[in-house]
Visitor: 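Next up is a structure, given as structure tokens.
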Protein chains: 2
Amino acid sequence: MGLTKTEIFTEEQNRLAGLLKAMAHPARIAILQQIIAAKSCICGDLVEELGLAQATISQHLKELKNAEIIQGTIEGVRVCYCINPETWKLLEKQFGAFMGAYKAETNCC
Amino acid sequence: MGLTKTEIFTEEQNRLAGLLKAMAHPARIAILQQIIAAKSCICGDLVEELGLAQATISQHLKELKNAEIIQGTIEGVRVCYCINPETWKLLEKQFGAFMGAYKAETNCC
DNA sequence: AAATACAATCGTAATATTGCGATATATATG
DNA sequence: CATATATATCGCAATATTACGATTGTATTT
């Protein structure tokens, strides 16, 4: 095996899991923090900031882009990566609802 | 390779990534939802609810336990799994801070 | 003590992820 | 057009994840 059985879960469960998975790597957390912190946000800068090879950064950016967490627009030679506000909002909502469903009082053990 | 370079990231980035990773699977999302929804929360029930083998569920539970997202207490023959309130609180805080750092107005592209 | 019930672990196969060097591609600039 | 700069993609090796049957462990019943 080694293949997630997506068909037995709901669309929402799969989508939320996918978004979390895209963020579930320290390099991608760091990349997102850099993008948020910087006004301009370029791949090259990230390579200098983080201690990873250019190919590796590019791959992480691709994954974030596939999950639609970020979006990139070509700006001359460079590419400007930014947060995708739609997805960000969706994630905040979905994850918030998920986390909020638990009330500490409910604990039985 | 194939080994995440945890040493080049901060403790917080690694911890948050680890917690998200533990949740970044539809089966584990579903398991957590079940645990939250149910008053009692037992592995056997999960096997019936989700369409996965007992060994698979047990493995997912182990991962959630390793990440300290859930905790299990032995209750006779069964094991009662519950949310770990400490970790849940930590995750809400850390992820909240991370997500909140982004303001939609900051977008440049 | 034997049988039963529930959950954990082992072993294994299939697939995915991580990281990087090398190479390709695309856009400026001289 | 040649060259420099920035990013993407390819190909590969190492490791991790997902899933499950089979087995083992552990507590409760009979």
Side-chain angles (χ1 to χ4, degrees), chain A residues 1-9 13-14 17-18 20-31 34-35 38 40-67 70-82 109, chain B residues 1-9 13-14 17-31 34-35 40-67 70-82 109:
Chain A
M1 304 285 145
L3 178 104
T4 302
K5 286 189 165 178
T6 53
E7 71 275 10
I8 67 172
F9 303 106
Q13 288 168 336
N14 285 317
L20 294 180
K21 192 174 180 184
M23 291 186 152
H25 192 289
R28 294 198 287 271
I29 299 263
I31 286 172
Q34 289 277 333
I35 291 181
S40 78
C41 32
I42 297 136
C43 178
D45 296 359
L46 293 169
V47 176
E48 282 169 32
E49 289 290 338
L50 315 177
L52 291 171
Q54 183 265 320
T56 309
I57 300 280
S58 194
Q59 204 173 259
H60 281 306
L61 286 167
K62 191 182 176 185
E63 265 186 80
L64 288 169
K65 218 166 85 183
N66 283 344
I70 62 172
Q71 59 200 175
T73 51
I74 296 161
E75 196 149 296
V77 190
R78 317 192 141 198
V79 177
C80 176
Y81 279 109
C82 297
C109 32
Chain B
M1 301 287 144
L3 177 103
T4 301
K5 287 191 162 177
T6 52
E7 70 276 9
I8 68 173
F9 302 106
Q13 288 168 335
N14 285 317
L19 287 173
L20 293 181
K21 192 176 180 182
M23 291 185 152
H25 192 286
R28 295 199 286 274
I29 300 262
I31 286 172
Q34 289 277 332
I35 291 180
S40 77
C41 32
I42 297 136
C43 179
D45 294 359
L46 294 169
V47 176
E48 280 169 34
E49 289 291 337
L50 315 176
L52 292 170
Q54 183 263 321
T56 308
I57 300 280
S58 196
Q59 206 173 258
H60 281 306
L61 286 168
K62 191 182 175 187
E63 265 186 80
L64 288 170
K65 219 167 85 183
N66 283 344
I70 61 171
Q71 60 199 176
T73 53
I74 297 160
E75 197 149 298
V77 189
R78 317 192 141 197
V79 177
C80 175
Y81 279 109
C82 297
C109 27

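Below, read A as the first sequence line, B as the second, and so on, with proteins coming before strands; counting in each chain starts at 1.
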Visitor: To the nearest Å, give me how far apart NE2 (B:H25) and P (D:dT18) are.
Guide: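 Value for this atom pair: 5 Å.
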
Visitor: Is there a side-chain contact between A:T56 and the phosphate of C:dG19, meaning an N or O under 4.0 Å from OP1 or OP2?
Guide: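 No, because none of the side-chain N or O atoms of A:T56 sits under 4.0 Å from OP1 or OP2 of C:dG19.
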
Visitor: Base, sugar-phosphate, or nothing: which does B:A55 touch, judged by heavy atoms less than 4.0 Å apart?
Guide: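 B:A55: base contact, heavy atoms under 4.0 Å.
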
Visitor: Return the nearest nucleotide to the side chain of A:Q59; candidates are C:dC20, C:dA7, C:dG11.
Guide: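 Within the option list, the nearest is C:dC20.
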
Visitor: Look at the side chain of B:R78 and decide which nucleotide, out of D:dA19, C:dA7, D:dA8, has an atom nearest to it.
Guide: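 From the listed options, C:dA7 comes nearest.
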
Visitor: Tell me whether the side-chain N/O atoms of B:K21 come closer than 4.0 Å to OP1 or OP2 in D:dA16.
Guide: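 It does not, given that no N or O in the side chain of B:K21 lies less than 4.0 Å from OP1 or OP2 of D:dA16.
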
Visitor: Just compare D:dT7, C:dT9, C:dA7 and give me whichever is closest to any side-chain atom of B:K62.
Guide: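 Nearest listed nucleotide: C:dT9.
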
Visitor: Given atom CG of B:L61 and atom C1' of C:dT9, what is their separation to the nearest angstrom?
Guide: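 For the pair B:L61 CG and C:dT9 C1', the rounded distance is 14 Å.
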
Visitor: Round to a whole Å and report the spacing from NZ of A:K65 to P of D:dT7.
Guide: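 Computing the A:K65:NZ to D:dT7:P distance gives 12 Å.
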
Visitor: Taking CD1 from B:I42 and P from D:dA27, how many angstroms apart are they, rounded to a whole number?
Guide: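 Rounded to whole Å, this separation is 17 Å.
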
Visitor: Please give, in whole Å, the distance from D:dT17 C1' to B:M23 CE?
Guide: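 So the CE-C1' distance, B:M23 to D:dT17, works out to 18 Å.
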
Visitor: May I ask you to decide if B:L64's main-chain N or O and B:R28's side chain share a donor-acceptor pair within less than 3.5 Å?
Guide: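 Checked: no pair found.
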
Visitor: In terms of ring plane angle, is the pair B:H60 and B:H25 parallel, tilted or perpendicular, where the classes change at 30° and 60°?
Guide: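 Answer is tilted, since the angle falls between 30° and 60°.
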
Visitor: What nucleic acid atoms does A:V77 come within less than 4.0 Å of, heavy atoms only: base, sugar-phosphate, or nothing?
Guide: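 Here A:V77 touches the bases of the nucleic acid.
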
Visitor: May I have the distance from B:I57 (atom CD1) to C:dT9 (atom C1'), rounded to whole angstrom?
Guide: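 Computing the B:I57:CD1 to C:dT9:C1' distance gives 16 Å.
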
Visitor: Using a cut-off of strictly less than 4.0 Å, decide whether A:T4 has a side-chain nitrogen or oxygen near OP1 or OP2 of D:dT18.
Guide: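 For D:dT18, neither OP1 nor OP2 has a side-chain N or O of A:T4 closer than 4.0 Å.
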
Visitor: Any side-chain N or O of A:H60 under 4.0 Å from OP1/OP2 of C:dG19?
Guide: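 True: A:H60 side-chain N/O within range (under 4.0 Å) of C:dG19 OP1/OP2.
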
Visitor: CD of A:Q54 versus C1' of C:dT18: gap in Å, rounded?
Guide: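 In whole Å, C:dT18 C1' lies 16 Å from A:Q54 CD.
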
Visitor: Within less than 4.0 Å of OP1 or OP2 of D:dT18, is there a side-chain N or O belonging to B:R28?
Guide: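 So the side-chain polar atoms of B:R28 do come within 4.0 Å of the phosphate oxygens OP1 or OP2 of D:dT18, strictly under.
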
Visitor: Roughly how many Å is it from CD in B:E75 to P in D:dT28, rounded to a whole number?
Guide: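 B:E75 atom CD is separated from D:dT28 atom P by 11 Å.
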
Visitor: Can you find a heavy atom in the side chain of A:C82 that is under 4.5 Å from one in the side chain of A:I70?
Guide: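 A side-chain contact is absent here, since even the closest heavy-atom pair is not under 4.5 Å.
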
Visitor: Would you please test B:L20 and A:I29 for side chain to side chain contact (heavy atoms under 4.5 Å, CB included) and show each step?
Guide: CA-CA 10 Å; B:L20 293 181; A:I29 299 263; 4.0 Å; yes

Visitor: Starting from the C-alpha separation in whole Å, work towards a yes-or-no answer on side chain to side chain contact (heavy atoms under 4.5 Å, CB included) for A:V79 and A:L61.
Guide: CA-CA 11 Å; A:V79 177; A:L61 286 167; over 6 Å; no

Visitor: Could you check if a side-chain atom of B:K5 sits within less than 4.5 angstrom of a side-chain atom of A:L52, using non-hydrogen atoms only?
Guide: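 In contact.
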
Visitor: Establish, with yes or no, whether the OP1 or OP2 oxygen of D:dA6 is under 4.0 angstrom from a side-chain nitrogen or oxygen of A:Y81.
Guide: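 Negative; the distance criterion is not met.
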
Visitor: Have a look at B:I74 and say if it touches a base, only the backbone sugar-phosphate, or nothing, with a 4.0 Å heavy-atom cut-off.
Guide: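 No contact.
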
Visitor: Categorize A:L52 for me: base, sugar-phosphate, or nothing, with a 4.0 angstrom heavy-atom threshold over every strand shown.
Guide: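 Sugar-phosphate contact only.
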
Visitor: Using a heavy-atom cut-off of 4.0 Å across all strands, would you classify A:E63 as base, sugar-phosphate, or nothing?
Guide: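 Answer is sugar-phosphate: A:E63 comes under 4.0 Å of backbone atoms only.
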
